[in-house]
Amino acid sequence: MANDEGLRGILEAGAVAAAAKLLGCAIEHHARGGLRSGTIVETEAYTEDDPAAHSFVGRTARTDPMFRRAGTLYVYLSYGIHHCMNVVCAGEGRGEAVLIRAIEPLAGTDAMIEARGWRGKPAKDLANGPGKVCQALGVGLHHNGGDLLGGGAVRLVAGPSPPPDAIVVTPRIGITKAADWPRRFVWKRK
DNA sequence: TATTAGATTGTCT
DNA sequence: GACAATCTAATAT
């Protein structure tokens with residue numbers, strides 16, 4: 001585990017390395033209604049040489065935060081209805097980020113269920129997808145460009161690292177380019 | 001339980 | 001005008 005300074009260093013090391021080490025860390029959203037947080041259990045790395053990455057096309061108005069310094073929160077809207085959150089990695093102008101694909105509810109589970117209209121279904125499936133993570137945590141486009149390490153409403157908190165043998169690397173899903181790149185990291189528990 | 005098809009909005013060419 | 005880093009629901013096994 002590491003403190004905020006340690007986290008920043010991990011992020012600056014690059015998206016691939018950061019994706020593996022972010023497993024076990026927690027995302028916190030400090031809102032008026034209460035604290036909502038979850039443990040990161042699935043990530044996906046996007047680098048500047050990745051055809052599937054938004055940054056591959058170049059820096060645009062939408063992907064601008066992705067080119068900022070490590071620790072920046074990058075939120076984008078997908079398919080017009082779902083938003084996904086990323087942790088910007090590397091350094092200024094690099095265009096690397098880690099997509100938070102899934103978390104395990106830690107605190108404020110009731111608020112998540114109510115926000116998502118989840119009706120008595122297993123909490124395990126409450127945020128097991130990129131779009132669900134944002135919706136469950138209440139993270140929206142207005143958080144885009146924020147600093148996860150700067151004490152904002154949305155924070156990244158260090159947590160216990162899962163055992164190396166519990167980390168599974170698999171091909172990516174839901175994209176049309178370079179989908180077979182093994183850059184999806186899943187914390188598999190037994 | 002696994003697989004297939006449809007929905008829906010912003011951004012880029 | 002077309003595409004996109006997805007989710008949900010319904011149908012088949």
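The model shown is predicted, which means the values in this text are computed figures rather than measured ones. Throughout, a chain's letter reflects where its sequence line sits, starting with A, and its residues are numbered from 1.
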In whole Å, I'd like the distance from the CZ atom of A/F56 to the C1' atom of B/dT11. 18 Å
On the nucleotide C/dT8, are OP1 or OP2 found under 4.0 Å from the side-chain N or O atoms that A/R116 carries? yes
A/N128 and A/K124: side chain to side chain donor-acceptor pair (under 3.5 Å), yes or no, with the steps? CA-CA 7 Å; A/N128 63 336; A/K124 178 194 172 190; over 6 Å; no
If you check every side-chain atom of A/W118, which of C/dT8, C/dA5, B/dT8 has the closest atom? C/dT8
Under 4.0 Å, counting only non-hydrogen atoms across every strand here, what does A/M85 touch: a base, just sugar-phosphate, or nothing? nothing
Check: C/dA5 base within 3.5 Å donor-acceptor of A/Y76 side chain: yes
Other residues, nucleotides, ligands: >12 heavy atoms within 6.0 Å of A/K21 NZ: no
Backbone N or O of A/E92 within a donor-acceptor pair of the A/R69 side chain at under 3.5 Å? no
Using the six-membered ring for Trp and the full ring for Phe, Tyr or His, decide whether A/Y79 stacks on the six-membered base ring of C/dA4 (centres under 5.5 Å, planes under 30°). yes
Measure CZ/A/R101 against C1'/C/dC7 and give the value in whole Å, please. 12 Å
Closer to the 5' end of DNA chain B via nearest nucleotide, is it A/H82 or A/T60? A/H82
In this structure, how many angstroms lie between the C1' atom of C/dT8 and the CG atom of A/D125, rounded? 13 Å
For the pair made of CD1 in A/I175 and P in C/dC7, what is the distance, rounded to whole Å? 13 Å
So which nucleotide from B/dT11, C/dC7, C/dA4 ends up closest to the side chain of A/T176? C/dA4
Flag this pair as yes if the NZ/CZ of A/R172 is under 6.0 angstrom from the six-membered ring centre of A/Y46 and inside a 45 degree cone about the axis; otherwise no. yes
Hey, does A/R183 reach any base, or is it just sugar-phosphate, or nothing, if we go heavy atoms under 4.0 Å? nothing
Gap between atoms CD and C1', on A/E42 and C/dC7 respectively (whole Å): 15 Å
For the pair made of CG in A/N128 and C1' in C/dC7, what is the distance, rounded to whole Å? 10 Å
Nearest to the side chain of A/N86, which nucleotide is it out of C/dT8, B/dC12, C/dA5? C/dA5
Write down the partner of B/dT9 under the Watson-Crick or G-U wobble criteria, each distance required to be under 3.5 Å. C/dA4
Measure the CZ-OG1 distance between A/F185 and A/T43 for me, rounded to the nearest 0.5 Å. 6.5 Å
Starting from C1' on C/dA4, measure out to CG on A/D50 and report it in whole angstrom. 14 Å
Please state how far atom CD1 in A/I81 lies from atom P in B/dG6, giving the value in whole angstrom units. 15 Å
Have a look at A/L77 and say if it touches a base, only the backbone sugar-phosphate, or nothing, with a 4.0 Å heavy-atom cut-off. sugar-phosphate
